[in-house]
Amino acid sequence: MKDTRFAHLKDIPSAHLLGAGTAMCAGCGGLLAVREIHEVLGDRTVFVNAAGCMTLLSTYPFTPFSGSFLYTAMASAPAGAQGVRDALDVLARKGRLAPEDDLSVVVLTGDGSASGMGLSATSAAIDRGLDFLYVCYDNEGYGNTGQQASATTPLGARTATTERGSVASKKDLFGIWAANRPAYVATAIGSEPVDLARKVEKASKIRGPKLLLVLAPCPTGWGFESDQLVEIGRLAVKTGAWPLKEVEGGKIVHTKVPPKRAPVEEYLRAQGRFAHLFEPSRDEATLASIQQSVDAYWRTVTVG
Amino acid sequence: MSRALMTGNVAAAWGARLANVDYIPAFPITPQTEIIETLASWVDEGLVDAKLTMLESEHSMVTAAGAAAATGARVFTATSSQGLLYALEMLYAVAGWRVPFVMVNVSRGVASPITLEPDHEDILAARDSGFLQLHAATCQEVVDFVLLGYALGEDPRVRLPVLVNEDGFQLSFTREPVALPAASDIAELLGTFDPMGSALRGGNPTSQGIAVLDPSAYSYFRYEIHLASRAALAAWDEVAVSFAEITGRRYEPVEVYRADDAEVAIVAIGSFSTKLKEAVDRLRDAGQRVGLVRPLLLRPFPDAQLREALAGKKGVLVFDQNLSMGKGGVLHTEVCSALYGARGAPPIVASFIGGLGGRDLPSEEIYAMVDETLAAVQRGEAPPPRLLFTHRELTQQRRLQVIAGVERAKGGAP
Ligand SMILES: Cc1ncc(C[n+]2csc(CCOP(=O)(O)OP(=O)(O)O)c2C)c(N)n1
Ligand code: SF4
Ligand SMILES: [Mg+2]
């Protein structure tokens with residue numbers, strides 16, 4: 001990646017644009033990503049939010065954001081972004097908005113909203129070429145309501161509505177987004193801050209719809225100790241369960257290819273939501289199926 | 001001021017044009033579509049200096065409308081029926097954001113069964129959302145109420161979005177003479193949209209639409225919306241005076257037509273009032289003391305003005321073009337709640353429901369309703385609610401049911 005100000009961890013600003021003391025759980029992977037994204041984007045940013053855990057970041061009369069925040073509803077955050085962007089554009093054209101008053105418009109929603117009731121609003125925002133960044137923090141379930149299964153819950157994961165593990169596979173939101181041909185699509189994770197910062201930086205230099213799907217390890221919903229957040233994230237990448245990639249010029253490019261993929265079991269074992277795959281007895285079929293789908297994915301990846 | 005023949009839909013578009021709106025989020029639905037098509041062509045021709053964006057649903061459309069108003073743009077939008085219901089979550093939400101804008105609803109019955117024809121079930125579903133609600137009876141009122149809507153909604157005491165209702169077909173597709181105010185006069189009346197310091201801006205971080213964690217804070221903000229809506233009654237008096245200075249048309253929250261000395265007052269909203277006035281004239285010709293009392297505003301509800309207009313009447317006849325399932329007419333309930341226990345409240349308030357899904361209201365039915373109300377006055381007891389439906393209609397319906405039964409027995413399409 002050329003033209004980036006982010007080569008090392010120390011390059012990432014730490015202006016603490018996202019304040020501390022929020023209602024999020026300790027060790028929240030979504031919050032980590034939002035913090036990193038806010039640092040890169042700066043304070044002339046408006047976060048247009050859909051119902052989910054991050055909705056409780058701003059609770060009257062407090063907000064941790066140095067930028068602005070607009071809560072919409074579970075289904076229509078991209079439409080809220082459209083209204084804000086359109087209004088800023090028309091006011092600028094009519095001379096009622098000083099250039100320094102402009103904002104970059106960011107949608108912030110969970111996976112449930114992004115892959116379910118918010119998908120038509122997202123697809124339509126892409127159709128219209130809306131100049132915005134969509135940040136989906138993917139905690140693989142309806143977290144705010146107690147981690148029920150969403151379309152992006154992975155195979156085998158126990159949730160509040162899949163006690164014996166999800167029998168459905170994780171929906172390929174990245175693929176759906178990419179098929180809509182936005183200006184930019186990428187995956188990221190908070191435990192890879194340099195990769196994430198570069199992607200946000202890159203997105204912010206491109207006009208049009210930019211979408212960032214961030215895996216958000218969730219101690220509460222996934223069943224791990226808060227201090228394991230970064231470790232879980234690293235395992236997700238190291239095992240190949242969470243590929244880091246972006247679409248450039250219509251081609252998928254992997255930004256960080258695990259040199260020698262660790263068995264996905266290492267990632268699964270670390271999380272309570274997969275415990276039933278190991279105890280009281282190993283569920284070999286499901287474990288094999290999960291490993292196979294990871295392997296099958298990486299077989300399609302041509303590196304270099 | 002210029003005069004032209006136009007449909008209610010074109011009148012609605014003229015309202016947006018004269019208000020010099022900045023932003024029009026849109027989505028098609030019959031019988032509203034002509035409004036956005038008209039505006040789209042005016043935007044293309046440079047006659048309206050606004051951005052028009054087609055959304056993918058009314059839920060998104062109202063979200064975009066509220067978000068743009070929260071960013072400091074003057075916004076116009078329009079919908080109807082299923083679209084209004086689809087957007088309902090966002091109606092409540094954006095009212096709570098306290099963002100003024102105007103949305104025209106071209107009223108149409110709601111499914112099921114499906115209909116394209118008018119009644120008030122759609123608009124009344126939005127009754128409690130926090131939007132102010134104005135009900136036009138003529139194409140002239142459509143354009144006037146859009147303009148009054150901006151003045152009211154943007155008033156510092158109010159700061160709420162506004163629904164202007166025009167009846168589908170009866171107004172939307174009917175051409176009537178409309179006097180258009182001069183753009184310069186309206187520019188003076190409305191000025192440029194003032195976001196009053198709360199717009200989303202770089203360097204001025206704000207949070208909007210956010211959660212409260214404590215029930216007292218929730219109650220406080222909900223009461224604030226209610227009080228702001230009530231404040232629109234006071235604002236109305238001033239706004240209506242300024243509007244009358246420009247146009248010569250003075251609107252009161254409640255129109256009183258030949259009702260001052262009436263024994264029986266008919267209460268109704270919307271375009272059927274034209275028919276009702278005609279019937280009042282005929283009944284007056286025949287020596288009956290009947291009048292019409294028409295609320296222009298449904299939210300805030302003009303309780304005091306209604307009480308005054310109806311005080312001393314022997315009987316009131318409320319005509320509802322809607323049906324609250326399991327209860328009855330919404331307007332009837334509202335009128336009763338305004339009157340009950342008030343000094344001089346009429347002892348009889350009769351309820352009639354008709355005009356559903358485009359059903360006509362023939363004059364004979366109006367006369368029959370008045371007769372029935374007078375009979376109730378004589379008896380001293382209000383009649384049970386009446387659903388207007390004739391024997392002829394019932395016979396026809398029975399015939400359709402027979403056909404449906406035969407078709408079903410044949411195993412044809414359901
Ligand atoms: C229309 C609507 N339906 C349901 C809800 C309840 N609800 C609030 S948050 C949420 C879960 C959202 O899941 P996701 O988008 O993944 O975000 P997360 O909670 O995981 O952060 C649900 C179902 C709602 N707010 N609005
Ligand atoms: S439930 Fe999960 S995603 Fe939600 S705040 Fe807690 S850790 Fe974060
Ligand atoms: Mg989620």
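Predicted, not measured: the structure shown is a model, and the values here were computed from it. Proteins come first, then strands; the chains are lettered A, B, ... in the order of their sequence lines, and each starts at number 1.
For B:Met90, the part lying under 4.5 angstrom from a heavy atom of chain A is the side chain only. For B:Asn204, the part lying near chain A is the backbone, with the side chain staying farther off; criterion is any non-hydrogen pair under 4.5 Å. Residue B:Ala69 does not touch chain A at all, counting heavy-atom pairs closer than 4.5 Å. At a 4.5 Å heavy-atom cutoff, the contact between A:Asp102 and chain B is made by backbone atoms alone. Using a 4.5 Å cut-off between heavy atoms, B:Phe193 contacts chain A through both its backbone and its side chain. Heavy atoms closer than 4.5 Å to chain B are found in the side chain of A:Leu97, but not in its backbone. Both the backbone and the side chain of A:Gln82 come within less than 4.5 Å of a heavy atom of chain B. For chain A, the nearby part of B:Thr192 is the side chain; its heavy atoms alone come within less than 4.5 Å. In this structure, chain B has no heavy atom under 4.5 Å from any part of A:Thr45. Using a 4.5 Å cut-off between heavy atoms, A:Arg85 makes no contact with chain B at all.
Within a 6.0 Å sphere centred on OH of B:Tyr92, heavy atoms belonging to other residues, nucleotides or ligands number more than 12. Annotation: B:Glu188, atom CD; neighbour count of heavy atoms from other residues, nucleotides and ligands within 6.0 Å does not exceed 12.
Checked for salt-bridge contact, A:Arg5 and A:Asp11 miss the test: no charged N lies under 4.0 Å from a carboxylate O.
Side chains of A:Thr153 and A:Tyr142: no donor on one and acceptor on the other come within 3.5 Å.
Looking only at heavy-atom pairs under 4.5 Å with chain B, the residue among A:Leu88, A:Val46, A:Thr55, A:Val84 that has the most is A:Val84. Comparing B:Pro25, B:Ala73, B:Ala211, B:Ala70 by how many heavy-atom pairs each has under 4.5 Å with chain A, the most go to B:Ala211. Ranked by heavy-atom pairs under 4.5 Å with chain A, the first of B:Leu213, B:Asp214, B:Val62 is B:Leu213. Each of A:Asp89, A:Thr72, A:Leu70 has some count of heavy-atom pairs under 4.5 Å with chain B, and the biggest count is that of A:Leu70. Heavy-atom pairs under 4.5 Å with chain B peak, among A:Pro61, A:Gly80, A:Ser58, at A:Ser58.
The aromatic rings of A:Phe65 and A:His38 are tilted relative to each other, their planes meeting at an angle between 30° and 60°.
For the pair A:Gln147/A:Trp222, a side-chain contact is recorded, criterion being any heavy-atom separation below 4.5 Å from C-beta on. Here the side chains of A:Leu57 and A:Phe47 are not in contact, with every heavy-atom distance at 4.5 Å or above. Using a 4.5 Å heavy-atom threshold, the side chains of B:Ile36 and B:Met54 count as touching.
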**Message:** The test is side-chain contact (heavy atoms from CB on, under 4.5 Å); show your working for A:Asn144 and A:Leu56 and say whether it passes.
**Reply:** CA-CA 9 Å; A:Asn144 179 255; A:Leu56 294 179; 4.1 Å; yes
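Checked against A:Trp177 for a side-chain contact (heavy atoms from CB on, under 4.5 Å), the options A:Ser115, A:Cys136, A:Pro209, A:Ser123 give a single hit: A:Cys136.
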